[in-house]
Every structure is written in C-alpha cells, then in structure tokens.
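Quick notes on the structure that follows.
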Amino acid sequence: MAWLRSFPLSSTFITPHFLALLAAPRGLGPYIQQHFLDKTFQGLYRANAFDMALLIPYFIVLILLASYGMHRYVLVYLYYKNKKNRTTQPASHFGELPRVTIQLPIFNEQFVVERLLDAICKVDYPLDKLDVQVLDDSTDETVAVARGLVEHYAARGFPLSYHHRLNREGFKAGALAAGLQAARGEFVAIFDADFVPPADFLMRTIHHFTDPKIGMVQTRWTHINRHYSFLTEVEAILLDGHFVLEHSGRARSNVFFNFNGTAGVWRRQAIEEAGGWQHDTLTEDTDLSYRAQLKGWKFIYLQDVECPAELPVEMTAFKTQQARWAKGLIQTGKKILPRVMKSDQPRHVKIEAWYHLTANLSYPLMILLSVLLLPAMIIRFYQGWFQMLYIDLPLFMASTFSISSFYLVSQRELFPKSWPKALLYLPCLMALGIGLTITNTHAVLEALAGKQSAFARTPKYRVESKKDKVRASKYRKRLGWVPWLELVIGAYFALAVYYAVTNENYITVPFLILFVFGYWYTGLMSLLQGRFSGLSIGAENHTKPFPVGV
C-alpha cells in the first residue's frame with residue numbers, strides 16, 4: 001500500500017518565517033508603523049557572523065521546503081493542463097478473456113479476511129479463466145479462519161487455493177513472489193486484506209491490456225469508513241489528494257507513477273522483466289513500478305474505477321503506516337534514483353521522479369526549521385519589514401498555500417456540490433501533518449542511515465461505521481518514546497502561545513495553536529489507543545521481525 005507516500009504534509013505547514021512577520025509586540029499595526037514608516041532606527045542593525053550562521057541554514061531549509069510546496073502547485077497545473085489525456089475506456093477488447101490470477105497477501109487479518117473472500121467470489125469473470133491465491137503469512141487465529149474460508153468456497157466451485165508460509169521472508173514482497181511461482185495467470189490482480197473490490201473490477205481493467213505496451217493498471221481507492229471519526233475524515237482527504245491529483249497529474253503527463261500495492265492489475269511479463277518482487281525496501285510496490293517503467297512498460301491510471309478499502313481507525317496504526325511509507329520511499333529513492341538519472345528518460349521525467357521519491361526529506365527539514373525558529377524570529381524582527389515582505393512572505397506563500405490548492409482541488413473534483421465542507425478540515429489536516437513530523441523524521445533518518453526494519457502491517461478491524469468497535473488490542477502498534485516527545489514539543493508551543501497572548505500578539509496565536517494541537521493530538525491519541533513499548537518504528541509487536549533483505 002502506498003498512499004501519501006509522495007508528498008508529506010510537512011512541506012505545507014505554517015512556517016516560522018511567517019510567524020516572525022507577525023511577531024511584533026502589541027500586534028501588527030505598531031510593527032508596521034515602527035519598521036515600515038518610522039525611520040528613526042533605520043540602519044542601526046548590523047549583520048554579524050553569528051546571525052549569518054543561523055540565517056544561512058534557515059533560508060536553505062525554507063527554500064527547500066518552498067520547492068516541495070511549489071511542486072504541489074505543479075501537479076495541480078499538470079492535472080488540468082493534460083485533462084484531455086484522461087484514460088477512461090480501453091482502446092479495444094479481448095476476443096477471448098485471458099487467464100487472471102488474483103493474489104491476496106494477508107498477515108494476521110482475522111477480522112477482514114471473510115469480507116475480502118466474499119467480495120472476490122462475487123467478481124464477474126469466467127471461473128475457468130480465474131485462479132485465486134490466498135497468500136497467508138499469519139501467526140495467529142487468521143490461519144484457521146482463512147483456511148476454513150478457502151475450503152468452504154473451494155467446495156462450492158470457486159478456484160481458490162491456500163498458501164501458508166511459516167517464514168515471513170521478504171514479508172509482503174516475499175509472499176507475492178512465492179505465489180507468482182505457482183500462478184497460472186497471464187495477468188495478476190492484487191488486493192490487500194481490507195479491500196472490497198467491486199464485482200466488475202476485472203472487466204473494467206483487463207481490456208486495457210489489449211495494448212501490449214501496458215504493464216500495469218491502477219485504480220482509485222475509496223473509503224468504506226470515511227465518516228467513522230475525525231481521524232478517518234482527514235485520512236480520506238489525504239488519500240483523495242494522492243489518488244486524484246498525484247496519480248492523475250503524473251499519468252496524464254506521461255511521467256512515472258507507482259502501483260499502490262493493491263487494487264491494481266499487472267501483466268506478469270512486466271513483473272518478470274523488471275526483476276520480480278524485491279524486498280530490500282518497505283515500499284516494494286514503488287520499487288517494482290520504477291524498475292518496470294525503466295524497462296519501457298507503460299502504466300494506466302483509472303480514476304473512475306473505484307475500489308473501497310478500510311482506513312486505519314487508530315492513531316498508532318496511522319502513524320506507523322505513515323512511517324513505513326516515508327522510510328520505504330527514501331529507501332526506494334536511494335536504490336532507484338541513480339538508475340533514473342543515468343537513463344535516457346526525458347528531463348521532466350527525471351525531475352518528477354526526484355520530487356516523488358525524495359519528498360519525505362521535508363520531515364527532517366521541518367525539525368531543523370523548528371530548531372532555528374526562535375533565533376531566526378529574533379534576528380528577522382530587527383532586520384526590518386522590507387526583507388520579510390520580499391523574502392519571507394513569498395517563501396511562505398510557496399510552501400503553505402499549496403495545501404489549500406492541492407486538497408481543495410481534489411475534493412472539488414470528487415464532490416462538486418459538497419467540496420466546501422473540506423474547508424473545515426484543512427486546519428486539522430495541517431495540524432495532523434505537524435504531529436507526524438517526529439515519527440516520520442525518525443523513519444527517514446533510519447532509511448538514510450541504511451537501518452533495516454520489519455514490514456509493519458496496518459491492523460484493520462472491519463470497522464465500517466460508528467457502531468463498530470475495535471475488537472483486538474493485540475494488533476495495536478507501539479511507538480515507544482515518540483508520543484512523550486510529541487507532548488513535550490506541544491508544551492513548548494503552548495508556552496509560545498502564552499507568550500504571544502501576554503504580549504498582546506494575538507494575530508500569531510491561531511498559527512501557534514496548530515502546532516500545539518498537532519503534537520498534543522497525535523501524542524495523546526497514541527498513548528490512549530496504543531500500549532507504550534520501546535520497540536522501534538516499523539517493528540511488529542506480536543512477532544519477532546525478520547530483517548528486510550534476508
């Protein structure tokens with residue numbers, strides 16, 4: 001699964017240089033009067049080596065973050081500019097339908113596997129052209145549940161087979177590779193355990209492969225439990241931005257985009273020619289996607305074909321999922337970007353690949369910016385209005401307002417009548433992104449240092465509506481010291497709010513509150529929903545992980 005993988009929220013936060021612009025005692029008016037109109041103290045400030053040692057890295061970080069923010073604008077532009085290139089119908093249809101193998105990789109999914117198999121057995125496709133593999137690496141009651149369901153449906157004539165591995169070597173990628181050895185299909189459809197593919201899924205995707213150049217077809221995720229909670233509402237908006245603007249913008253512009261690990265169909269030949277499934281990164285889907293496209297295979301994205309899935313309902317699961325994706329994309333970037341840059345692909349393809357695979361670097365950049373926050377605010381305050389107006393403000397516009405255009409445009413495209421409701425969630429979305437900074441920075445630094453970790457699955461409980469409850473605490477993720485650190489950082493910004501109020505600096509308070517809410521919300525929800533443990537990010541809490549690459 002790969003959602004949000006390409007553009008972390010940290011590149012769109014309310015940035016400290018804007019707070020510096022507003023940080024004058026007793027409000028903005030006296031500040032403008034003193035520094036923009038009153039010339040009494042003009043020329044008194046003199047730059048020194050200490051100030052430059054702080055401001056140079058400060059502006060380097062700001063420019064890098066603004067660059068990623070500007071790239072978000074570029075994707076919106078590409079989405080509309082190339083709208084005529086939207087793929088809807090296949091060029092032709094197969095005279096005789098080809099054989100398809102459906103792979104269902106699962107790991108400790110006892111609550112959702114029945115729903116998955118029920119949906120698969122309703123897929124509209126000739127049974128003599130279909131075989132379904134349940135690839136089960138489970139270590140709990142899921143083994144008995146899945147085996148029993150397979151036997152039940154197989155007895156009714158459905159072409160299901162059960163494959164259980166005692167060793168999780170390679171994790172999901174290893175399971176898919178092992179299943180492919182026994183697969184009989186010319187094409188391979190893949191669904192994670194929490195997905196519910198519609199009955200017409202194969203019939204709406206398979207005919208696009210009549211073009212022999214097409215190696216993969218990806219469809220759009222939708223959300224079974226979108227309205228379950230505040231968290232799932234925000235998660236849905238984040239995923240909508242990814243699937244509407246990122247995928248569509250890239251696909252329509254003929255640059256590389258990735259298979260999302262599920263809800264898609266591969267040509268088996270494309271997998272094999274690209275080198276097969278490899279498990280040296282935590283985003284094996286993106287890794288294979290780039291290798292296949294470098295081999296010349298073309299991908300199709302079908303925005304109109306929907307495949308419902310379940311969103312994580314717990315903060316601990318959401319943060320661990322985000323950390324896995326952040327770490328996996330950096331790992332993939334280290335592995336794949338040198339090949340992309342040395343290839344004969346056009347320059348715009350290489351540039352887009354760079355932004356796609358390195359976007360999560362903005363998380364550690366945000367940490368650096370936080371360290372430089374206070375001294376930079378003080379120095380910029382005394383340097384005057386003109387520099388803030390012509391330097392800081394444009395950088396703020398480039399990095400911060402991209403969140404509005406990006407996510408609001410995606411909601412407008414999906415919900416033409418009700419999209420203004422998304423405005424209510426934008427501040428919360430930004431705050432949640434701030435709260436992910438610590439977790440994802442840790443993951444990115446692990447990837448840069450070459451530290452391997454287990455593939456951490458995202459637990460799903462078949463929670464579809466508000467009446468459903470989480471039924472098994474043993475699947476909850478543990479984030480160790482991270483929630484406590486988030487609470488401490490939130491307290492730091494709470495003190496900043498207090499300082500602003502006592503100095504009548506009221507205009508800065510709403511922006512500072514975003515930081516307080518973001519860190520406290522993610523920290524408190526992690527402690528309330530999960531169990532404190534010292535395990536590192538990416539590790540499973542109920543099984544001894546194998547190192548990636550074994």
Side-chain angles (χ1 to χ4, degrees), residues 1 101-123 127 130-180 182-183 188-199 201 224-225 228 261-263 307-314 316-317 320-321 454-465 467-477 531 540-546:
M1 299 171 69
T101 294
I102 298 179
Q103 292 187 320
L104 310 175
I106 63 174
F107 174 67
N108 294 353
E109 311 279 7
Q110 59 178 304
F111 302 114
V112 294
V113 65
E114 181 179 1
R115 181 180 63 188
L116 170 66
L117 289 178
D118 180 65
I120 292 298
C121 290
K122 294 177 181 177
V123 169
L127 295 183
L130 191 66
D131 62 287
V132 180
Q133 296 178 333
V134 177
L135 307 174
D136 187 9
D137 284 358
S138 298
T139 59
D140 67 354
E141 297 89 342
T142 306
V143 174
V145 173
R147 181 181 282 115
L149 288 168
V150 170
E151 292 174 353
H152 168 73
Y153 284 111
R156 296 172 56 187
F158 293 100
L160 272 68
S161 59
Y162 181 76
H163 307 260
H164 182 236
R165 297 195 308 165
L166 297 177
N167 186 338
R168 287 189 71 205
E169 180 179 353
F171 306 103
K172 180 180 176 180
L176 293 172
L180 196 62
V188 181
I190 301 172
F191 300 99
D192 283 347
D194 57 301
F195 278 72
V196 186
F201 181 90
I224 298 172
N225 56 341
Y228 175 77
T262 179
C307 193
E310 185 177 323
L311 294 163
V313 297
E314 294 184 318
T316 49
T320 305
Q321 180 191 67
F455 184 101
R457 62 177 286 277
T458 304
K460 301 294 170 60
Y461 305 105
R462 197 166 182 171
V463 172
E464 301 179 2
S465 65
K467 66 180 180 180
D468 297 323
K469 303 296 181 183
V470 176
R471 294 174 284 180
S473 61
K474 72 175 184 177
Y475 285 165
R476 286 174 177 160
K477 300 298 176 184
R531 295 174 297 174
E540 296 286 354
N541 69 346
H542 52 277
T543 185
K544 182 179 180 181
F546 299 94

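Here D136 pairs with nothing under the salt bridge (Lys or Arg N to Asp or Glu O under 4.0 Å) rule; sequence neighbours left out. In terms of the side chain to side chain contact (heavy atoms under 4.5 Å, CB included) criterion, residue partners of A119 (sequence neighbours excluded) are, by chain and number, V196, P197. Take P308 and apply the side chain to side chain contact (heavy atoms under 4.5 Å, CB included) test, not counting sequence neighbours, and it matches P198, T222, I224. Looking at residues two or more places apart in sequence or on another chain, you find a side chain to side chain contact (heavy atoms under 4.5 Å, CB included) between A175 and L135, D137, R165. Applying the side chain to side chain contact (heavy atoms under 4.5 Å, CB included) rule to V150 yields the partners L117, V134, L160, Y162; only residues at least two apart in sequence or on another chain are considered. Qualifying side-chain hydrogen bond (donor to acceptor under 3.5 Å, both in side chains) partners for R147, counting only residues two or more places apart in sequence or in other chains: none.
The pair R156-E151 does not meet the salt-bridge criterion, since no charged nitrogen lies less than 4.0 angstrom from a carboxylate oxygen.
Counting all heavy atoms, side chain and backbone alike, T316 lies closest to T320 at O-OG1, 2.9 Å. Looking at every heavy atom in both residues, T458 comes nearest to P312 through CG2-CG, 3.7 Å. L116 approaches F195 most closely through the heavy-atom pair CD1-O, 3.5 Å. What you find for L180 and Q103 is that their closest heavy atoms are N-NE2, 3.3 Å.
Looking at heavy atoms from C-beta onward, V132 lies out of side-chain contact with F158 at the 4.5 angstrom threshold. Looking at H152 and E114, their side chains never come closer than 4.5 Å, going by heavy atoms from C-beta outward. Side-chain atoms of D192 and P105, non-hydrogen and from C-beta on, do get closer than 4.5 Å to each other. In this structure, L104 and Q133 have side chains that are not in contact, with every pair of non-hydrogen atoms separated by 4.5 Å or more. Side-chain atoms of F107 and R168, non-hydrogen and from C-beta on, do get closer than 4.5 Å to each other.
In this structure, E310 contributes its side chain and V463 its backbone to a donor-acceptor pair below 3.5 Å.
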Requested in this report: Evaluate salt bridge (charged side-chain N to carboxylate O under 4.0 Å, His left out) for E314 paired with K460, printing each intermediate quantity in order.
Outcome: CA-CA 9 Å; E314 294 184 318; K460 301 294 170 60; over 6 Å; no
**Report entry** Residue pair V313, Y461: steps toward the side chain to side chain contact (heavy atoms under 4.5 Å, CB included) verdict
**Finding:** CA-CA 9 Å; V313 297; Y461 305 105; 4.2 Å; yes
Query - Residue pair D118, Y153: steps toward the side chain to side chain contact (heavy atoms under 4.5 Å, CB included) verdict - result: CA-CA 9 Å; D118 180 65; Y153 284 111; 3.6 Å; yes
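Under the 6.0 Å cut-off for aromatic ring centres, F191 and F201 qualify, their centroids lying closer than that.
Considering I106, N108, D194 as possible partners of V113, the one that fulfils the side chain to side chain contact (heavy atoms under 4.5 Å, CB included) test is I106.
Considering CZ of R115 and CZ of R462, their distance stands at 5.5 Å, rounded to 0.5 Å.
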